[in-house]
Amino acid sequence: MQYKKLGHSGLLVSQCVLGTVPFAGKAGFEKTGNVNAAEARRFIDIALDHGVNMIDTADLYSMGGAEEVLGEALREKRDQIILASKARSPLGQDPNASGASRFHLIKACEASLKRLKTDHIDLYQIHNWDGVASVDETLRALEDLVKSGKIRYFGTSNYTAWQMMKTLGHAEAQRLLKPVSQQIYYTPESREAEYELLPMARDQDIGTLVWGPLGEGLLTGAVGRNKKAPASTRQGSGWPEPYVHDMEHAYRVIEVLEEVGTELNASIAQTCLAWLANRPGITSLIVGNRTETHLRENLQAFELKLSEAQRKRIEQVTRPAPNYPYWHRFTSGMDRIDPAEQPFIDEHQQTLDGRKDQAIK
């Protein structure tokens, strides 16, 4: 297992993070799995044996149920892992049982600590942008939680790049603590994060944790052009995510992952994770598992070595259409490209070069 520094912190985290969405499986999360405390304890043991040093959860998952299962499972192993959780999501009908206000964040943090049976959370993440609470209120509440010892670091989840820059800019202007990480959705089928989120994180020294790297079951092999996902899987149970704009493109992505996987004697899921783990700006992949078999298979992906040709083949097939102003950078031959976006611009440049070659022929 490899370890990377989490943003501008001094914290080293494993490339694979154990996810907990399948824990508990209740209160609207029944379709994601129903891992109990005994099974979760087994998962944690296996993950630790493979070098995983971080576990991610949230108060939203099974409406606190995932945190309860994780707290029961961790017990004496609590100090062996970096514990991450999230807050902000609606947890009730009360209008203040949601958001990133001081009132809600402190109350939510204290409730999570009780469920997790611990006195501190190592990485506390704002689960989504709050368009009502001010950035100042949120940052000062988080800083107070750090000073009180209830959390060690904080980050964001599902922010846009401008929302993160607004947060970072205010923190710098007011000399407040800054978030060290962002948690985002990013897969070979869905590479929108490359337009803004990943260049922003590379530029601002923000760690990037990827949730749903297997497309919430879309890229596990359960889904195919002529294959109906089993009802026992998330994609076969009517789970609403991920949003797939072009299913034909998704099938092409699945097929190239299968082709490369066959060459490596690896599964589609393993090939997907191995490719993602080494993309520019990626710190860690958060992988949730319903079974021990799936966990062991996914952990092996982080030892899988793709050749340069295989990495490029997957990249070329999954490459998104360049949005403006990105296409303007390379079609106009712009110089002085920012290092934060250089690797993504270079890949788009290959599309233009390929079209020129075709035109010459």
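For clarity, every value in this text was computed on a predicted model and none was experimentally measured.
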- Please state whether the rings of His328 and Tyr324 are parallel, tilted or perpendicular, taking 30° and 60° as the class boundaries.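 The arrangement is perpendicular - the two ring planes meet at more than 60°.
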
- Residue pairs fulfilling ring pair (Phe, Tyr, Trp, His ring centres under 6.0 Å) with at least one residue in residues 164-193, sequence neighbours excluded: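 Ring pair (Phe, Tyr, Trp, His ring centres under 6.0 Å) check on residues 164-193 returns Tyr185-Trp211.
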
Just to verify, what does [X] make a salt bridge (Lys or Arg N to Asp or Glu O under 4.0 Å) with, not counting sequence neighbours?
X	answer
Lys107	none
Arg234	Glu216
Asp346	none
Glu341	Arg329

- Message: I'd like to know if Glu172 pairs up with Arg175 as an ion pair, taking the criterion as any Lys NZ or Arg NE/NH1/NH2 lying under 4.0 Å from an Asp or Glu carboxylate oxygen.
- Response: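 No, Glu172 and Arg175 are not salt-bridged.
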
Quick check: does any side chain N or O of [X] sit under 3.5 Å from a backbone N or O of [Y], one acting as donor and the other as acceptor?
X	Y	result
Arg279	Pro188	no
Thr318	Val253	no
Asn53	Leu12	yes
Thr20	Asp56	yes
Gln182	Ala201	no
Arg88	Trp129	yes

Distance in Å, [X] [atom1] paired with [Y] [atom2], rounded so as to fall on 0.5 Å steps:
X	Y	atom1	atom2	value
Asp130	Gln163	CG	CD	10.0 Å
Glu30	Ser62	CD	OG	7.0 Å
Lys305	Glu303	NZ	CD	6.5 Å
Ile206	Tyr159	CD1	OH	11.5 Å

Mind checking what makes side-chain hydrogen bond (donor to acceptor under 3.5 Å, both in side chains) contact with [X], not counting sequence neighbours?
X	answer
Glu248	Arg225
Trp162	Thr160
Asp338	none
Glu263	Gln310, Arg313

Do the side chains of [Y] and [X] get nearer than 4.5 Å, heavy atoms only?
X	Y	result
Val244	Pro242	yes
Arg296	Ile46	yes
Val256	Arg252	no

- Message: Under the rule for ring pair (Phe, Tyr, Trp, His ring centres under 6.0 Å), what residues qualify as partners of Tyr124, not counting sequence neighbours?
- Response: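 None.
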
- Starting from the C-alpha separation in whole Å, work towards a yes-or-no answer on side chain to side chain contact (heavy atoms under 4.5 Å, CB included) for Ile286 and Val210. CA-CA 6 Å; Ile286 302 170; Val210 176; over 6 Å; no

- Carefully, step by step, assess Ile314 and Leu306 under the rule side chain to side chain contact (heavy atoms under 4.5 Å, CB included). CA-CA 10 Å; Ile314 294 171; Leu306 276 64; 3.7 Å; yes

Please table the atom pairs, donor to acceptor, closer than 3.5 Å between any side-chain atom in residues 140-148 and protein atoms at least two apart or in another chain.
unit_1 : atom_1 : unit_2 : atom_2 : d
Arg140 : NE     : Asp136 : OD1    : 2.9
Arg140 : NE     : Asp136 : OD2    : 2.9
Arg140 : NH2    : Asp136 : OD1    : 3.4
Glu143 : OE1    : Leu177 : N      : 2.8
Glu143 : OE2    : Lys147 : NZ     : 3.4
Asp144 : OD2    : Arg102 : NH1    : 2.7
Asp144 : OD2    : Arg102 : NH2    : 3.3
Ser148 : OG     : Asp144 : O      : 3.3
Ser148 : OG     : Leu145 : O      : 2.8
Ser148 : OG     : Lys150 : N      : 3.4

- Query: Side chains of Gln270 and Gln300: do they bring a donor and an acceptor to under 3.5 Å?
  - Reply: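 Indeed, the side chains of Gln270 and Gln300 share at least one donor-acceptor pair under 3.5 Å.
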
- Task: Check the side chains of Gln125 and Ser157 for a donor-acceptor pair under 3.5 angstrom, ignoring hydrogens and angles.
- Result: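 On atom types as modelled, these side chains do not qualify, holding no pair under 3.5 Å.
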
- Message: The test is side chain to side chain contact (heavy atoms under 4.5 Å, CB included); show your working for His127 and Asn158 and say whether it passes.
- Response: CA-CA 7 Å; His127 211 158; Asn158 302 309; 3.9 Å; yes

Could you go through residues 31-38 and list every donor-acceptor pair under 3.5 Å that involves a side-chain atom there, pairing it with any protein atom two or more places apart or in another chain?
unit_1 : atom_1 : unit_2 : atom_2 : d
Lys31  : NZ     : Ser237 : O      : 3.2
Thr32  : OG1    : Val21  : O      : 3.2
Thr32  : OG1    : Phe29  : O      : 2.7
Asn36  : OD1    : Ala38  : N      : 3.2
Asn36  : OD1    : Glu39  : N      : 2.8

- Message: Taking side-chain contact (heavy atoms from CB on, under 4.5 Å) as the criterion, tell me which of Asp205, Leu123, Leu11 meets it with Val180.
- Response: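 Passing option: Leu123.
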
